[in-house]
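Notes follow the structure.
Protein chains get the first letters and strands the later ones, always in sequence-line order, with residue 1 at the start of each. All values below were derived from every heavy atom in this structure, side-chain atoms included, with hydrogens, water molecules and symmetry-related copies excluded.
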There are 2 protein chains.
Amino acid sequence: MSPPPGRRRGPSKGDRREQAILDTARTLLARKPLAEITIDELAAGAEISRSSFYFYFDSKLAVVVALLHGLAGELDADAGPWLDGTGPDEPALRRSLTALAAIWRTHGRLLAGALAAAPGCPPIGEWRNSLRAAHVSRLAARIERERAAGLAPDGPEPHVLAGMIDDLRTAAFAGATDPERLVDDLVTVELRMLYGDLRVLHSPG
Amino acid sequence: MSPPPGRRRGPSKGDRREQAILDTARTLLARKPLAEITIDELAAGAEISRSSFYFYFDSKLAVVVALLHGLAGELDADAGPWLDGTGPDEPALRRSLTALAAIWRTHGRLLAGALAAAPGCPPIGEWRNSLRAAHVSRLAARIERERAAGLAPDGPEPHVLAGMIDDLRTAAFAGATDPERLVDDLVTVELRMLYGDLRVLHSPG
DNA sequence: AGACGGACTCGACGCGCTGTCGACTTTTTC
DNA sequence: GAAAAAGTCGACAGCGCGTCGAGTCCGTCT
């Protein structure tokens with residue numbers, strides 16, 4: 001065949017193998033948790049020997065990192081209008097959370113596995129931290145704006161509150177079998193966390 | 001020495017060894033995460049060989065389960081007044097959370113390790129689930145009472161909301177280096193989740 | 001053509017940790 | 001003081017990981 005005419009350099013054999021490993025990982029993850037997947041299986045799926053696997057990736061976790069990087073962009077999808085907006089803009093928040101739920105639906109095992117492996121695997125830990133930090137700092141900025149404008153009540157230091165919201169999302173989605181069903185409740189709860197005021201309630205009498 | 005006179009049956013040699021394993025586990029856990037602790041170390045700490053360890057426990061996780069059972073009681077400490085009370089009783093909630101924080105301070109590594117091992121280790125998973133279920137159902141009952149009395153606004157189905165609160169606590173404490181410092185913020189946030197009303201806010205003008 | 005080098009492949013090895021087995025010693029019991 | 005129960009251990013087998021060095025394939029340069 002020799003290098004195809006029109007374009008120089010199609011994907012080399014190695015590139016295709018690397019892809020095959022990634023694909024196999026995705027396929028396996030759809031079927032079982034990360035912890036139960038072995039390098040043998042990954043290699044077998046790509047039709048190479050276990051030792052050849054190491055030519056492409058340093059470890060199973062390195063595969064996960066590669067997979068994760070493919071998701072980095074998607075994870076903020078539709079979050080902009082909410083994070084940059086103002087006021088208890090319920091529809092914007094709902095759109096943001098709906099997009100997140102969709103990701104958790106398709107990549108739940110990957111995300112759950114990554115989260116579980118994060119302590120004890122620096123690269124994954126850093127990935128998680130940087131994502132979390134990005135979200136937290138944007139949300140914290142929003143909280144500050146809202147408070148300064150008198151739109152939101154005082155409360156926990158903005159970064160702390162933002163962190164709690166991020167944690168709540170992660171915990172909720174990680175534990176959910178049906179992410180989309182959580183969205184409405186998450187919307188309500190997050191808005192309360194941000195804007196909820198304890199009005200003194202009418203005790204009976 | 002022979003069996004001591006007054007009381008029948010002091011702790012047998014085996015009982016003491018078992019204790020020694022448990023103690024070693026506690027000690028090691030104070031120093032490093034569960035995942036980095038090996039059966040060898042546990043056995044060495046109790047001054048027996050690795051194979052003798054298996055006489056006492058089936059696995060490292062079985063030790064964790066034993067440790068966990070010792071905590072089962074403490075984990076509800078001081079939660080009664082809050083869970084059985086009524087209204088946004090901030091002091092009661094604070095006391096409950098303060099007690100929880102203290103447990104996370106002393107047993108954080110154990111709890112974090114257990115949580116990480118829960119998927120993939122049925123006994124630990126069950127332990128976690130039963131604890132969670134107990135808390136969730138008591139809290140959900142409280143939510144129902146409050147709503148029926150017109151003291152709390154409507155919102156997510158009580159069990160779902162209670163679950164979110166439980167998740168939030170776990171995530172927050174698991175990630176914290178200083179659990180006690182979280183208590184005040186958690187109090188604020190939980191009260192908002194339960195009682196927070198979105199009053200329509202004065203837009204400027 | 002032929003030599004070179006980089007991309008790629010693999011079997012064999014050593015390691016660390018797990019869990020089991022069977023034989024042995026110690027302690028308890030009657 | 002003999003039988004049973006409790007406790008102890010070394011040796012072994014298994015699994016999954018990561019490494020090493022030898023070998024093949026393939027395009028390039030001269």
Interatomic distance where CZ belongs to B:F53 and P belongs to C:dT20 [whole Å]: 12 Å
Could you tell me the separation between the CG atom of B:D40 and the P atom of C:dG19, rounded to a whole number of Å? 12 Å
Mind checking if B:R50 touches a base, just sugar-phosphate, or nothing, with heavy atoms under 4.0 Å? base
Let me know the distance between CG of A:L34 and C1' of D:dG16, rounded to the nearest Å. 14 Å
What verdict does the side-chain contact (heavy atoms from CB on, under 4.5 Å) test give for A:R192 and B:V189, after you've listed the backbone C-alpha separation in whole Å, the side-chain angles of each residue and the deciding distance to 0.1 Å? CA-CA 8 Å; A:R192 282 190 193 174; B:V189 169; over 6 Å; no
A:D23 atom CG, over 12 foreign heavy atoms within 6.0 Å: yes
What nucleotide, of D:dA11, D:dT19, C:dG11, holds the atom closest to the side chain of A:S49? C:dG11
Closest listed nucleotide, where the reference is the side chain of A:K60 and the choices are D:dT8, D:dC17, C:dT20: D:dC17
Heavy-atom check, side chain of A:R169 versus side chain of A:L97, under 4.5 Å: yes
Indicate yes or no: at least one non-hydrogen side-chain atom of A:L198 is less than 4.5 angstrom from one of B:D197. no
Nucleotide of C:dC8, D:dT8, C:dC10 approaching A:F55 most closely (side-chain heavy atoms): C:dC8
Rounded to the Å, how far apart are B:Y54 OH and D:dC12 P? 18 Å
How long is the line joining CD1 of A:I21 and P of C:dC8, in whole Å? 11 Å
Scan B:T38 against the nucleic acid and name what it touches under 4.0 Å (heavy atoms): base, sugar-phosphate only, or nothing. sugar-phosphate
Protein-nucleotide distance (B:E47, atom CD; D:dG7, atom C1'), rounded to Å: 15 Å
Closest approach to the side chain of B:R17, judged atom by atom: which nucleotide of C:dC10, C:dT18, D:dT8 is it? D:dT8
Atom CD1 of A:I48 to atom C1' of D:dT24: distance rounded to whole Å? 16 Å
Kindly say if A:S52 contacts the phosphate of C:dC10, meaning a side-chain N or O under 4.0 Å from OP1 or OP2. yes
Going by heavy atoms in the side chains, are B:I143 and B:H159 under 4.5 Å from each other? no
Please give, in whole Å, the distance from D:dG16 P to A:F57 CZ? 21 Å
Taking only the side-chain heavy atoms of B:Y56 (C-beta and beyond), determine which of D:dG7, C:dC10, C:dC8 contains the nearest atom. D:dG7
